[in-house]
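Reviewing the structure listed below.
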Amino acid sequence: MRRTGVDRVRNGRTSVGRSSGERAARAALAGSVAVALAVTLAACGGGAGAAKEPGGKPGGDAARKTDPTRIPGVGDALHKRIPGKSRQVVAVYGKGKDSAAATVRLFTKKGEKWTPGRTWKGHNGRKGWTRDHHEGDKRSPIGVFTLTDAGGVRSAPDAKLPYTASAAFAPPTYWPKKTRHDFDHVIAIDYNRNKGTSPLDPARPDGEAKGGSIWLHLDHGSGTSGCVSIPRAGMEYLLRTLDPDEHPAVVMGDRAALAR
């Protein structure tokens with residue numbers, strides 16, 4: 001895998017090859033977030049069950065047969081909430097309202113047309129989806145959210161989104177063994193968080209009861225506590241592809257909710 005060492009911290013961001021004083025500053029930052037980590041990570045993590053996940057595949061013919069100016073399967077209510085500047089959208093199609101199974105597909109806008117790209121099998125909250133997400137409900141929030149920040153235990157030198165590498169992302173040791181690598185890489189979903197900050201930022205602008213720390217992260221084979229998970233190959237591809245200049249966003253929910 002890639003190097004994990006990072007030698008500079010500036011506003012929660014990392015770069016390589018700086019002074020020992022700056023390395024010490026990064027260490028201090030990691031320590032300051034460690035106390036809040038258990039709360040920050042509460043929205044993600046282990047669950048029962050297992051499922052084999054295939055690697056990424058090109059978008060299928062069904063997506064191409066729909067109106068090319070629309071994200072397939074997304075109705076007016078959510079489609080109009082996609083930011084006008086967004087030219088990259090990650091669509092998360094939940095299998096059902098109470099299901100943890102999902103399909104994740106990347107779309108890229110060229111002119112007025114949305115082109116389907118790679119697709120991965122993944123998971124959402126283990127109790128399904130909700131339009132009124134609350135801390136601990138084990139459901140993923142339905143909606144459209146921007147994607148502005150990333151991070152993880154491992155570094156990602158080819159990531160285009162601002163990326164924070166820190167050991168503070170590591171899951172608690174008491175979580176199931178299969179979750180050990182869930183947060184090697186994450187992309188923060190901008191639900192109840194401050195944009196432009198590390199995914200570890202514990203701030204909840206809409207209040208603690210509304211939950212937070214809703215991320216795209218690595219899949220461990222079953223449902224999460226609210227995040228969306230995809231295979232490692234998919235996460236690494238998104239990190240290389242999602243570009244702040246393209247104003248990436250995610251539209252997510254069960255298929256019936258998306259279609260409204």
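Hydrogens, waters and symmetry mates are skipped; everything else that's a heavy atom, side chains included, is used.
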Legend entry - CD1 on Ile187 to CG on Leu238, rounded to 0.5 Å: 5.0 Å
Legend entry - Test item: Arg70 side-chain N/O and Trp114 main-chain N/O as donor-acceptor pair under 3.5 Å: no
Inset, instruction - Go through the steps to decide whether Arg139 and Asp132 satisfy the test salt bridge (charged side-chain N to carboxylate O under 4.0 Å, His left out), and finish with yes or no. - result: CA-CA 9 Å; Arg139 292 180 178 270; Asp132 186 22; over 6 Å; no
Inset, instruction - Please confirm whether the backbone N or O of Gln88 pairs with a side-chain atom of Ser86, one donor and one acceptor, at under 3.5 Å? - result: no
Inset, instruction - Give a yes or no on whether the backbone of Gly196 and the side-chain of Asp149 come within a donor-acceptor separation of less than 3.5 Å. - result: yes
Legend entry - NZ/NE/NH1/NH2 to OD/OE distance under 4.0 Å, Asp254 and Lys97: no
Inset, instruction - For Arg232 and His185, indicate whether the former's side chain and the latter's backbone hold a donor-acceptor pair under 3.5 Å. - result: no
Inset, instruction - Supply the atom-to-atom distance Thr224 OG1 to His123 NE2, rounded to the nearest 0.5 angstrom. - result: 9.5 Å
Legend entry - Pair Ile230-Asp219, side chain to side chain contact (heavy atoms under 4.5 Å, CB included): steps then yes or no: CA-CA 5 Å; Ile230 62 174; Asp219 189 62; 5.5 Å; no
Inset, instruction - Kindly compute the distance separating NZ (Lys160) from OG1 (Thr241), expressed to the nearest 0.5 Å. - result: 6.5 Å
Inset, instruction - Output yes when a side-chain donor or acceptor of Asn192 lies under 3.5 Å from a complementary backbone atom of Asp206, and no otherwise. - result: yes
Inset, instruction - State, to 0.1 Å, how close Asn124 and Ala102 come at their nearest heavy-atom pair, and which atoms those are. - result: OD1-CB, 3.5 Å
Inset, instruction - Begin with the C-alpha distance, continue with both residues' side-chain angles, and end with the deciding distance and a verdict on side chain to side chain donor-acceptor pair (under 3.5 Å) for Asp182 and Ser229. - result: CA-CA 8 Å; Asp182 278 15; Ser229 62; over 6 Å; no
Inset, instruction - Specify whether Tyr237 and Trp120 have parallel, tilted or perpendicular ring planes, treating 30° as the upper limit for parallel and 60° as the lower limit for perpendicular. - result: tilted
Legend entry - Any side-chain heavy-atom pair of Thr148 and Arg193 under 4.5 Å: yes
Legend entry - Test item: Arg131 side-chain N/O and Gly143 main-chain N/O as donor-acceptor pair under 3.5 Å: no
Inset, instruction - May I ask you to decide if Ile71's main-chain N or O and His79's side chain share a donor-acceptor pair within less than 3.5 Å? - result: yes
Inset, instruction - List the atom of Ala156, the atom of Leu239, and the distance in Å for their closest heavy-atom pair. - result: CB-CD1, 4.1 Å
Legend entry - Rounded distance [0.5 Å steps], CG in Asn194 versus CZ in Arg204: 9.5 Å
Legend entry - Minimum heavy-atom distance between Gly223 and His220, given as atom pair plus value: O-NE2, 3.4 Å
Legend entry - Backbone N/O of Gly125 and side chain of Ser140: donor-acceptor pair under 3.5 Å: yes
Legend entry - Heavy-atom side-chain proximity of Trp129 to Val92 below 4.5 angstrom: yes
Legend entry - Considering all heavy atoms, the nearest His181-Leu218 contact: O-CD1, 3.1 Å
Inset, instruction - Please check if the side chain of Tyr191 supplies one atom and the backbone of Lys210 the other of a donor-acceptor pair under 3.5 Å. - result: yes
Legend entry - Working for side chain to side chain donor-acceptor pair (under 3.5 Å), residues His134 and Asp137: CA-CA 6 Å; His134 283 77; Asp137 65 9; 5.0 Å; no
Inset, instruction - Determine, stepwise, if the pair Ile189 / Leu147 fulfils side chain to side chain contact (heavy atoms under 4.5 Å, CB included). - result: CA-CA 5 Å; Ile189 293 171; Leu147 300 171; 4.0 Å; yes
Inset, instruction - For side chain to side chain contact (heavy atoms under 4.5 Å, CB included), just list the numbers for Thr103 and Lys121, CA-CA rounded to whole Å, side-chain angles, deciding distance to a tenth of an Å, and then say yes or no. - result: CA-CA 5 Å; Thr103 299; Lys121 293 297 183 182; 3.1 Å; yes
Legend entry - Closest heavy-atom pair and its distance - Trp215, Pro199: CZ2-O, 3.3 Å
Legend entry - From SG (Cys227) to CZ (Phe183), nearest 0.5 Å: 6.0 Å
Legend entry - Neighbour count above 12 (heavy atom, 6.0 Å) for Lys95 NZ: no
Inset, instruction - Quick one: closest heavy-atom pair of Phe169 and Val186, and the distance? - result: CE2-CG2, 3.8 Å
Inset, instruction - Nearest 0.5 Å please: distance from the CD1 atom of Ile142 over to the CZ atom of Arg260. - result: 7.0 Å
Legend entry - Short side-chain to backbone donor-acceptor contact, Ser166 and Ala168, under 3.5 Å: yes
Legend entry - Test item: Leu216 and Met235 side chains (from C-beta on) under 4.5 Å apart, heavy atoms: yes
